[in-house]
Structure formats: structure tokens, C-alpha cells
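Working notes for the structure below.
Below, read A as the first sequence line, B as the second, and so on, with proteins coming before strands; counting in each chain starts at 1.
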2 protein chains.
Amino acid sequence: MAERRTSGSRKRRFKDELYAAVARVPAALANGHRLELLDLLSQRPRTVQDVAAEAGITVANASQHLQVLARCGLVAVERRGTFAHYRAAGPAVYRLLVELRAVAESADASVADAEQAYFGPREPGIRTIDGARDALADAHTALLDARPREEYEAAHLPGAISAPLDALRSGKVALPRSKQYVVYCRGPYCVFADEAVALLRERGLDARRLSLGPAEWVAAGGDVQRVG
Amino acid sequence: MAERRTSGSRKRRFKDELYAAVARVPAALANGHRLELLDLLSQRPRTVQDVAAEAGITVANASQHLQVLARCGLVAVERRGTFAHYRAAGPAVYRLLVELRAVAESADASVADAEQAYFGPREPGIRTIDGARDALADAHTALLDARPREEYEAAHLPGAISAPLDALRSGKVALPRSKQYVVYCRGPYCVFADEAVALLRERGLDARRLSLGPAEWVAAGGDVQRVG
DNA sequence: GCCATATTCAAGAACTTTCGCGAATATGCG
DNA sequence: CGCATATTCGCGAAAGTTCTTGAATATGGC
């Protein structure tokens with residue numbers, strides 16, 4: 001306490017250190033590939049080659065990126081035999097990503113542009129947790145999970161039915177006409193739900209998109225279910 | 001919709017673009033000086049030389065950093081005469097910073113270390129919004145704002161009394177012994193409140209720290225008051 | 001118009017990040 | 001043990017970031 005007053009440079013040195021230490025977290029997030037890997041790992045644990053293939057980068061590169069994320073505590077790793085299973089570190093990480101996207105979309109026009117260029121003019125769908133709860137309160141509404149089955153098994157919204165795109169295309173999911181459908185996938189930057197909605201509408205069904213994934217749901221304090 | 005299926009590389013290109021665009025926000029945050037500037041601007045609008053002096057960097061350097069923050073929409077600038085008044089862009093930025101610190105502290109031991117080295121072993125004080133509301137519900141509790149008066153005037157917690165460190169030291173703030181005091185300052189990485197608490201205790205007063213500033217308060221949905 | 005001042009710009013040196021490539025390590029299995 | 005496979009490491013080239021320095025721009029007052 002006394003020494004705090006003696007030297008401005010001591011104060012400055014520690015302040016610099018503290019902010020530099022905090023800055024390591026945004027530094028780890030400051031790369032498109034790492035953000036994509038983090039999104040993938042928010043769905044379920046995956047091996048290095050698994051994320052590498054999904055993100056379209058080399059295994060060595062993916063390994064390096066995952067190590068950067070792990071060094072900041074953004075992902076955790078569990079080694080089983082020769083495999084390294086990486087996963088997102090927890091709800092705090094989901095919350096950080098949600099706020100990050102919120103700022104990026106509101107502030108930086110290029111994000112909205114890129115989104116628009118990728119998805120085309122899509123209807124916004126249901127974007128908020130409250131909106132989702134409202135829609136799902138209706139007994140005539142069924143909630144579909146358009147992600148691959150492994151991700152559904154790892155964590156899905158309460159009451160959701162697994163309806164991977166492939167299964168929908170080949171008609172393997174029973175879809176009574178009496179229901180209204182709400183479809184979600186990995187999160188706001190994922191197209192699975194958009195494609196599923198298009199597919200259901202082609203068949204004359206009433207379908208809407210929910211632009212949230214399990215990670216955003218958990219970030220907002222919701223609980224998820226798992227299989228097995 | 002059709003073209004989305006035609007080319008994996010088109011999908012990949014847009015995905016890369018989208019994630020790269022989002023990554024520009026953490027890139028802007030990935031620097032200790034910029035984080036410190038953002039903390040300063042979360043208290044009140046300031047000119048370039050103002051933040052430069054407070055953060056201990058050159059004016060040209062501060063200008064460059066502020067431009068980086070502005071390009072991502074993290075700060076806004078208003079020009080009045082030859083002065084540029086920069087300010088934090090809004091509640092979404094505060095929320096992002098709160099989540100950033102939460103992840104940095106929980107995940108990266110070096111943040112906690114740096115904090116500890118800087119502050120020494122300090123008692124945690126009141127760290128949550130709910131804790132603050134509870135403490136302040138007591139009619140015998142007075143809330144003190146230890147920041148410089150300009151910051152108090154720009155935004156302070158409802159019912160807070162301005163008690164800048166200088167004024168406290170020179171005994172210019174009336175402090176009845178019948179009260180219990182809760183003191184806050186800029187936020188968790190600011191020492192003003194710690195010093196104020198030490199000062200009050202030396203005088204035999206009952207004082208505790210609130211480790212939140214107005215920015216964190218607003219991030220949690222609270223409202224603030226301003227003077228004038 | 002001219003000066004003082006606040007801010008921004010431009011160029012360059014030091015440093016860090018990214019990514020491919022090939023090699024190294026480590027685990028499990030026959 | 002020897003081999004196949006998953007992951008990590010090390011190196012080097014290209015690209016990006018940071019900070020300093022000195023100059024350029026722009027505003028307001030005399």
C-alpha cells in the first residue's frame with residue numbers, strides 16, 4: 001500500500017502487465033480460423049483432424065491454433081490414446097462469443113456484409129432466447145435440430161428432435177402436417193437450419209428458423225439435454 | 001440457395017470472410033494499451049492527449065490506437081474544434097469487456113498473478129451486481145464514488161456521493177460515523193476505491209469496496225445518473 | 001493572414017503471427 | 001519389436017503489428 005504511492009513507474013509496470021495479460025484472450029480470438037474452430041468445439045468435443053477437415057485447414061495448422069486457444073483456457077483437451085479431444089472450456093466462453101458477435105455485427109458493417117453475401121437475403125427468424133421460449137410454449141410447435149447426430153447427442157435444446165439435413169432429405173424424419181416447425185442448428189453463422197427450413201417449405205410444411213444454437217442457449221442460462 | 005450447393009469453395013470463401021470480419025473485433029482488443037484506453041473511455045469521453053497522458057503513451061500512438069478501436073466500432077468520436085472527443089460506443093462494448101475479463105481471470109493464471117502483484121492481497125469486496133443491490137438496500141449504507149469528479153459527473157451509480165481521493169484525503173467530504181460506506185471506482189482494475197477504503201478505515205470508519213464501476217453496472221442492465 | 005495547438009499521417013525498424021513443410025514424438029496393435 | 005496413425009515440433013518465408021519520429025493538416029484566436 002505504501003509502495004504503491006512511491007513510484008509511478010511501478011504502478012505503470014503492473015498496469016501494463018495486467019492489461020497485457022488480459023489482452024492475451026482477445027489475441028487468441030483474433031483469427032478467423034480460431035473463431036471457426038471455437039464454434040465447432042462449442043457443438044461437441046472433436047479431434048484435431050476432425051476440426052481440421054471441417055475447417056479446411058491442415059492438421060498441423062489446426063493443432064497450432066488449438067494450442068493457442070488452450071493456452072488461454074478457451075478450450076480444454078482430453079487425451080485418449082493417440083487422440084486429443086478438444087472442447088470449448090465452458091459457458092463463460094459461449095458468453096464471450098455471443099457478446100463478440102453482437103459487437104461485431106452492430107459495429108462493423110463488413111460483418112453484416114459478409115453474412116449477407118454468404119447467406120443471401122434470409123429472413124431473420126427467431127433471434128432471442130425469449131422469442132424461442134414463446135414459440136416453443138405452443139403445443140403445436142415442434143423443435144428440430146438440423147445438426148449432425150453426434151452434435152445432437154452431445155447437447156441439444158430441451159425437447160428438440162434430431163433432424164440432420166441428410167435424414168430430412170431422404171425423408172427419414174416423421175413430420176406430421178399438423179405441427180409448426182422451428183429449426184435450429186449450430187448458431188447464427190450456420191446454414192443447416194436455413195436449408196432445412198427451405199426443404200420443409202418445399203414440402204408444404206410450416207417452418208421457421210431459430211438463429212441460436214445450444215452454445216447461445218447455454219450462454220443465456222438455459223440448460224441442454226444429452227443422449228446417453 | 002442453388003448455388004450454395006454447387007461449390008464447396010464458395011461456401012468456404014464466405015465462411016472465411018465472415019469469421020475474418022468478426023475476428024477484427026478481438027484483434028482491436030488484443031493490445032494492452034487499447035484495453036486500457038477502452039477502460040478510460042468507459043468512464044467518460046476524453047481527448048487524445050488526455051488518454052495519452054493517463055495511459056502513459058505518446059499522443060501519436062494514442063491516436064493510432066483510438067483509430068483502431070474506432071474502425072471496429074468500439075469507440076465513437078465527436079470532433080469539437082481542434083479536439084477529438086472519444087468515448088466508448090455503448091453497453092454492448094461494456095458487456096464484451098466484462099465477459100472478456102471473466103474469461104481472462106478464470107482461465108489464464110497470469111492475469112490473476114498480475115492482479116495480485118499489482119494490488120497485493122486485497123479483500124475481494126463486493127463483486128456482483130446483486131451483492132451491490134443488497135448492500136445498498138440498507139438505509140445506513142452510503143455509496144461513495146472515488147473517481148475524479150469529471151467522471152462522476154459523466155455517469156455514476158444511482159445515489160452515489162462524489163468522493164474523489166484528493167477530496168477524501170483533505171477531509172472535504174462529510175462522513176458521518178453513523179454510516180457504513182461502500183466505495184467504488186472505475187472498475188475491477190482500478191485502485192481508487194482500495195485507497196479510499198484504506199483511508200476511511202484509518203479514520204475508524206466502516207468501509208467496504210465495491211469492485212464494479214458504472215460500465216459494469218450498465219453492462220448488467222443498471223441505469224446511471226449524470227450531473228447537469 | 002499568421003500563429004499556437006490538437007490531431008493525424010507516413011515511413012521505417014523491431015518484433016510477432018501465420019502457415020506450409022518435413023521431421024519428431026507417442027500410442028496402440030499385431 | 002516394428003508399423004500405422006494422431007499429434008506436435010521446428011524452421012523459414014511472407015505478412016502483419018507496434019512504436020517512434022518528424023511532417024502534414026486543420027481549427028480557432030489575435
- Message: Using the rule given for salt bridge (Lys or Arg N to Asp or Glu O under 4.0 Å), can you reason through B/D50 versus B/R44, listing the C-alpha separation, both sets of side-chain angles and the distance that settles it, and then say yes or no?
- Response: CA-CA 11 Å; B/D50 213 354; B/R44 68 172 174 96; 3.7 Å; yes

- Whole-Å distance, B/Q64 CD to D/dA24 P, equals 17 Å

- Task: Verify the distance criterion only: is there a donor paired with an acceptor across the side chains of B/D145 and B/Y184 at less than 3.5 Å?
- Result: yes

- Message: Output the rounded distance in Å from NE2 (A/H65) to P (C/dT18).
- Response: 6 Å

- Task: Measure the distance from CZ on A/R71 to C1' on D/dT8 and round it to the nearest whole Å.
- Result: 12 Å

- In whole Å, what is the span from the NE2 atom of A/H85 to the P atom of D/dT8? 12 Å

- Gap between atoms CZ and C1', on B/F83 and D/dT25 respectively (whole Å): 16 Å

- Task: Using whole Å, report how far CG of A/D50 lies from P of D/dT7.
- Result: 9 Å

- C/dT7 C1' sits how many Å from B/R79 CZ, rounded? 8 Å

- Report which part of the nucleic acid A/A60 touches: base, sugar-phosphate, or nothing (heavy-atom distance under 4.0 Å, all strands). base

- Message: Under 4.0 Å from OP1 or OP2 of C/dT18: is there any side-chain N or O of A/N31 that close?
- Response: yes

- Item | B/D39 vs A/Y19, side-chain hydrogen bond (donor to acceptor under 3.5 Å, both in side chains): CA-CA, chis, key distance, verdict | CA-CA 10 Å; B/D39 266 1; A/Y19 279 108; 2.5 Å; yes

- Message: Closest-nucleotide mapping onto DNA chain C: is A/I57 or A/R80 further toward the 5' terminus? I mean the 5' end.
- Response: A/I57

- In whole angstroms, how far is the P atom of C/dA10 from the CG atom of B/N61? 17 Å

- Query: Closer to the 5' end of DNA chain D via nearest nucleotide, is it B/R34 or A/V48?
  - Reply: A/V48

- Candidate pair B/V93 and B/V75, rule side-chain contact (heavy atoms from CB on, under 4.5 Å), full reasoning: CA-CA 9 Å; B/V93 176; B/V75 304; over 6 Å; no

- State which residue, out of A/V48, A/L69, A/V51, fulfils the side chain to side chain contact (heavy atoms under 4.5 Å, CB included) condition with A/Y86. A/V48

- May I ask you to verify if any side-chain N or O of B/Y86 is less than 4.0 angstrom from the OP1 or OP2 atom of C/dA6? no

- Task: Please determine, for the side chain of B/T82, which listed nucleotide (C/dC19, D/dT8, C/dA6) has the closest atom?
- Result: C/dA6

- Nucleotide nearest A/Q49 when distance is taken to its side chain, options D/dT8, D/dA6, D/dC19: D/dA6

